[in-house]
Amino acid sequence: RRQREQQRRQREQRLEQELRQREQQLEQQRRRREQQLEQQRRQREQQLEQERRQREQQRQQQMQALIQREQQLQAEQARCQNQQRTDQRALEAADAHGRRLAEAPVQRVQDDAAQNPHAADNRRQMAAAPR
């Protein structure tokens, strides 16, 4: 009887030991799985952060390009306005010169008449004389 009792206790102890080993294995597997999941989560977070930084960098570059384009357009507009003013001044100067040229013969006749009252008469007579 004692021998059977001892065998029973040994069997119980063996079963308990196997059970403890199995529990330890399961706990280790659970911890490993948690670590893997945590690592995957961190990697995903890093990836998302990197993508966010890239998008932000692209947005900054696009803004920079827009600002540069705006500055180019403003410079072009200023050049056009300057050219318009230059052209307008040239046109006004040409108009004034044309008026001076157009008025010059009349003025010369008036000046001649003032200096020499007979000059205008002489010219009229010469123009009317038969050739």
Side-chain angles (χ1 to χ4, degrees):
R1 226 179 72 163
R2 245 192 324 210
Q3 193 178 355
R4 278 197 306 263
E5 186 69 23
Q6 191 179 2
Q7 286 174 345
R8 188 185 60 78
R9 278 202 305 273
Q10 285 175 348
R11 200 173 44 247
E12 282 178 6
Q13 287 175 349
R14 195 179 66 240
L15 287 173
E16 282 179 20
Q17 188 178 358
E18 286 176 8
L19 186 64
R20 280 197 301 273
Q21 283 179 345
R22 184 71 186 130
E23 285 175 347
Q24 284 176 349
Q25 284 176 344
L26 288 173
E27 181 61 21
Q28 286 174 351
Q29 287 175 349
R30 188 188 62 77
R31 277 201 227 106
R32 273 199 301 274
R33 184 69 189 136
E34 279 180 4
Q35 288 172 349
Q36 283 177 339
L37 289 173
E38 180 62 20
Q39 186 178 2
Q40 288 172 351
R41 187 189 62 76
R42 279 197 304 267
Q43 286 173 344
R44 182 68 183 137
E45 279 180 5
Q46 288 173 350
Q47 182 183 357
L48 290 173
E49 178 60 22
Q50 187 176 0
E51 289 171 3
R52 187 195 64 76
R53 280 197 299 267
Q54 285 174 342
R55 282 194 306 273
E56 179 61 21
Q57 188 177 5
Q58 284 177 336
R59 194 186 65 75
Q60 291 283 346
Q61 288 171 346
Q62 288 171 343
M63 280 296 293
Q64 220 29 58
L66 286 175
I67 290 169
Q68 203 172 6
R69 183 67 184 130
E70 176 68 18
Q71 290 170 345
Q72 288 171 346
L73 288 174
Q74 287 174 351
E76 182 65 27
Q77 186 178 23
R79 277 194 299 274
C80 288
Q81 288 171 343
N82 287 340
Q83 187 61 50
Q84 260 182 326
R85 283 194 289 273
T86 301
D87 292 348
Q88 185 64 34
R89 283 194 296 270
L91 199 58
E92 288 168 2
D95 284 349
H97 184 64
R99 280 195 302 277
R100 282 194 302 277
L101 288 178
E103 293 167 359
V106 175
Q107 192 63 44
R108 194 167 50 238
V109 170
Q110 290 170 349
D111 290 347
D112 287 349
Q115 290 174 3
N116 181 358
H118 304 296
D121 291 335
N122 291 344
R123 264 202 291 283
R124 272 195 293 279
Q125 289 171 1
M126 283 174 59
R131 300 199 176 351

**Message:** Under the rule for salt bridge (charged side-chain N to carboxylate O under 4.0 Å, His left out), what residues qualify as partners of Arg44, not counting sequence neighbours?
**Reply:** none
**Fill in**
For Gln17, the side chain to side chain contact (heavy atoms under 4.5 Å, CB included) test, sequence neighbours excluded, returns Arg20, Gln21
**Asked** At what distance, to the nearest 0.5 angstrom, does CG of Asp95 lie from CG of Leu91?
**Response** 5.0 Å
**Message:** Applying side-chain hydrogen bond (donor to acceptor under 3.5 Å, both in side chains), can you list everything that pairs with Glu56, at least two apart in sequence or on another chain?
**Reply:** Arg59, Gln60
**Asked** Listed by chain and number, what are the side chain to side chain contact (heavy atoms under 4.5 Å, CB included) partners of Gln28, not counting sequence neighbours?
**Response** Arg31, Arg32
Side-chain donor/acceptor pairs under 3.5 Å, residues 71-85, sequence neighbours excluded:
from	atom 1	to	atom 2	distance (Å)
Gln72	OE1	Arg69	NH1	3.4
Gln74	NE2	Glu70	OE2	3.1
Glu76	OE1	Arg79	NH2	2.5
Asn82	OD1	Arg85	NH2	2.5
Asn82	ND2	Ala78	O	3.4
Gln83	NE2	Asp87	OD1	2.8

**Set of residues satisfying side-chain hydrogen bond (donor to acceptor under 3.5 Å, both in side chains) with respect to Glu18, sequence neighbours excluded** = none
**Request:** Under the salt bridge (charged side-chain N to carboxylate O under 4.0 Å, His left out) rule, collect the residues that match up with Glu51, sequence neighbours excluded.
**Result:** none
**Request:** Using the test side chain to side chain contact (heavy atoms under 4.5 Å, CB included), find all partners of Ala96 that sit at least two apart in sequence or belong to another chain.
**Result:** Arg99, Arg100
**Prompt:** side-chain hydrogen bond (donor to acceptor under 3.5 Å, both in side chains) with Arg53: which residues, sequence neighbours excluded?
**Reply:** Glu49
**Asked** Leu26: what forms a side chain to side chain contact (heavy atoms under 4.5 Å, CB included) with it, not counting sequence neighbours?
**Response** Arg22, Gln29
**Prompt:** Would you say the side-chain atoms of Gln50 and Gln46 include a donor-acceptor pair closer than 3.5 Å?
**Reply:** no
**Prompt:** Quick one: CD on Glu38 to CD on Gln43, what's the gap to the nearest 0.5 Å?
**Reply:** 11.0 Å
**Item:** Reported CD-to-CD distance for the pair Gln6 and Gln13, which is rounded to 0.5 angstrom
**Value:** 9.5 Å
**Set of side-chain hydrogen bond (donor to acceptor under 3.5 Å, both in side chains) partners for Gln36, sequence neighbours left out** = Arg33
